[in-house]
Amino acid sequence: MINTIIFDFDGTLSSEREYIYGCFKYVENEIKQRFEILDAYKKLIQLFNESWNDTFGRLLAQEKVEYSEQDIKELVNIYRQAPPEIKLYEDTKPALHMLRHKNIKTAVLTNGFYKIQKEKIRKSGLEEFFNAVEIPDLYGREFWKPDIRRVNELLKTLDAKAEEVLYIGDSDSDYKMAKAAGVQLVFIKRDDCVNEFHFEKEADYVIQSLAELENIIDKSGKV
């Protein structure tokens with residue numbers, strides 16, 4: 001029986017792609033002033049959609065401007081200072097209401113820098129739905145998923161047995177953590193997914209909408 005569901009945040013409850021685009025918009029003016037590059041926002045999106053690796057470096061190289069590693073670090077720092085733009089998926093709140101109605105315990109466990117993730121979750125307006133929120137970065141980068149120490153602590157906080165828990169995520173680190181912790185992994189395939197996922201066949205469930213969770217829960221015997 002499933003009585004607890006733990007969610008990843010970015011790409012699961014809220015669009016990571018829209019958050020990244022918002023950060024690109026925030027840094028666009030700095031790029032224009034420092035490197036005299038016009039339409040940096042559109043160009044960053046195009047480059048990002050080709051590959052998320054070294055997007056700023058590839059932009060500067062493409063525009064044939066001189067730059068240093070320090071320039072890249074400073075652009076990344078500005079990017080991380082952007083006020084997060086949160087766009088919840090349409091199925092997020094209905095699913096959380098459904099889980100509340102069924103008395104399913106819910107939580108978030110998300111990678112990312114603590115202050116940024118904390119602000120994202122606050123701005124999402126979803127905190128009221130969760131029994132707990134876990135951001136491993138609070139304890140150090142070595143605690144990020146797929147490390148299982150924080151999910152194990154979360155299970156204790158929720159008074160949940162691993163075999164009665166679903167973890168919903170969209171990345172390889174989600175799968176590896178869930179399997180190592182003994183919880184079932186639900187891979188959600190979002191149309192705007194940023195991460196590559198290499199364990200679709202190994203996932204316990206594959207869904208395209210959080211609305212599908214109700215059927216999984218009902219079939220598990222928790223009604």
Side-chain angles (χ1 to χ4, degrees), residues 2-20 52 84 86-96 98-99 104-114 116-118 120-121 124 126-127 129-139 141-155 157-158 160-217 220:
I2 301 301
N3 59 35
T4 303
I5 294 184
I6 304 173
F7 294 93
D8 174 42
F9 187 79
D10 299 300
T12 299
L13 299 175
S14 178
S15 172
E16 184 170 15
R17 188 173 293 275
E18 290 299 322
Y19 163 72
I20 291 169
W52 56 266
I86 302 302
K87 182 180 179 182
L88 297 177
Y89 293 109
E90 292 183 359
D91 56 8
T92 294
K93 284 190 174 180
L96 291 172
M98 177 273 294
L99 295 173
I104 302 292
K105 290 177 285 188
T106 58
V108 166
L109 192 156
T110 176
N111 278 355
F113 295 106
Y114 178 78
I116 295 174
Q117 295 306 103
K118 185 75 172 176
K120 284 184 188 177
I121 294 168
S124 75
L126 298 179
E127 286 180 295
F129 289 100
F130 303 128
N131 298 92
V133 172
E134 184 69 50
I135 305 173
D137 187 61
L138 179 63
Y139 305 92
R141 184 65 181 262
E142 66 273 20
F143 286 86
W144 285 31
K145 298 176 292 186
D147 188 274
I148 65 171
R149 285 173 286 183
R150 297 319 304 168
V151 72
N152 284 341
E153 287 300 314
L154 188 53
L155 294 181
T157 299
L158 298 169
K161 297 178 181 178
E163 61 270 21
E164 297 173 343
V165 176
L166 295 179
Y167 186 86
I168 322 298
D170 68 331
S171 70
D172 288 356
S173 64
D174 292 327
Y175 171 81
K176 292 175 182 177
M177 181 203 68
K179 290 294 107 178
V183 306
Q184 298 179 72
L185 188 281
V186 180
F187 168 50
I188 185 160
K189 297 178 67 173
R190 295 294 194 184
D191 290 338
D192 68 345
C193 181
V194 170
N195 297 306
E196 292 186 5
F197 188 76
H198 300 96
F199 299 99
E200 185 170 341
K201 292 182 179 179
E202 292 84 356
D204 296 287
Y205 302 96
V206 178
I207 62 175
Q208 293 184 312
S209 168
L210 294 177
E212 297 174 63
L213 290 176
E214 185 167 16
N215 186 49
I216 295 173
I217 293 167
S220 80

Note to self: For Ile168, run the side chain to side chain contact (heavy atoms under 4.5 Å, CB included) check against Asp8, Leu210, Leu185 and tell me which one passes.
What the structure shows: Leu210
Notebook entry, point to check: Knowing that exactly one of Glu196, Glu202, Glu200 qualifies, which makes a side chain to side chain contact (heavy atoms under 4.5 Å, CB included) with His198?
Noted result: Glu196
Side chain to side chain, [X] and [Y], heavy atoms closer than 4.5 Å:
X      : Y      : result
Ile116 : Tyr19  : yes
Thr4   : Glu164 : no
Ile86  : Glu18  : no
Gln117 : Asp10  : yes
Tyr205 : Leu166 : yes
Arg150 : Met177 : no
Gln184 : Ile2   : yes
Glu134 : Thr157 : no

So does [Y] get a backbone contact from the side chain of [X], meaning a donor-acceptor N/O pair under 3.5 Å?
X      : Y      : answer
Glu214 : Ala211 : no
Arg17  : Asp192 : yes
Asp137 : Phe113 : no
Asn111 : Trp144 : no
Ser171 : Asp174 : yes

Check: Quick check: are there more than 12 heavy atoms from other residues, nucleotides or ligands sitting under 6.0 Å from NZ of Lys87?
Finding: no
Next item on the list: Count the heavy atoms belonging to other residues, nucleotides or ligands that lie under 6.0 Å from CD of Glu90, then report whether that count exceeds 12.
Entry: no
Hey, could you give me the [atom1]/[atom2] distance between [X] and [Y], rounded to the nearest 0.5 Å?
X      : Y      : atom1 : atom2 : answer
Trp52  : Glu16  : CH2   : CD    : 10.0 Å
Asn131 : Ile6   : CG    : CD1   : 10.5 Å
Lys145 : Thr110 : NZ    : OG1   : 5.5 Å

Next item on the list: Look at the aromatic rings of Phe7 and Phe130 and report parallel, tilted or perpendicular, splitting at 30° and 60°.
Entry: tilted
Next item on the list: Take the angle between the ring planes of Tyr139 and Phe143 and call it parallel below 30°, perpendicular above 60°, tilted in between.
Entry: tilted
Next item on the list: Could you go through the side chain to side chain contact (heavy atoms under 4.5 Å, CB included) check for Leu99 and Ile217 one step at a time?
Entry: CA-CA 9 Å; Leu99 295 173; Ile217 293 167; 3.2 Å; yes
I need the minimum non-hydrogen distance between [X] and [Y], along with the two atoms involved.
X      : Y      : value
Thr106 : Phe129 : OG1-O, 2.7 Å
Pro136 : Leu109 : CG-CD2, 3.9 Å
Val165 : Ala160 : CG2-CB, 3.8 Å
Ala181 : Ala162 : O-CB, 3.6 Å
Ile207 : Leu213 : CD1-CD2, 4.1 Å
Ile121 : Ser124 : O-OG, 2.6 Å

Notebook entry, point to check: Leu126 and Leu88: side chain to side chain contact (heavy atoms under 4.5 Å, CB included), yes or no, with the steps?
Noted result: CA-CA 10 Å; Leu126 298 179; Leu88 297 177; 3.7 Å; yes
Next item on the list: Tell me, please, which residues at least two apart from Tyr89 pass ring pair (Phe, Tyr, Trp, His ring centres under 6.0 Å).
Entry: none
Check: Excluding sequence neighbours, so at least two apart, what forms side-chain hydrogen bond (donor to acceptor under 3.5 Å, both in side chains) with Lys105?
Finding: none
Item checked: Chi angles and distances behind the side chain to side chain contact (heavy atoms under 4.5 Å, CB included) call for Thr12, Val108 -> CA-CA 10 Å; Thr12 299; Val108 166; over 6 Å; no
Note to self: Looking at Asp91 and Arg190, is there a salt bridge between them, counting it only when a charged N and a carboxylate O are closer than 4.0 Å?
What the structure shows: yes
Notebook entry, point to check: Between Asp147 and Arg141, is the closest basic N to carboxylate O distance under 4.0 Å?
Noted result: no
Note to self: Using a 6.0 Å distance limit plus a 45 degree cone around the ring axis, check whether Lys120 lies over the aromatic ring of Phe9.
What the structure shows: no
Checklist line | Full working for side chain to side chain contact (heavy atoms under 4.5 Å, CB included) between Phe199 and Asp172 | finding: CA-CA 7 Å; Phe199 299 99; Asp172 288 356; 3.6 Å; yes
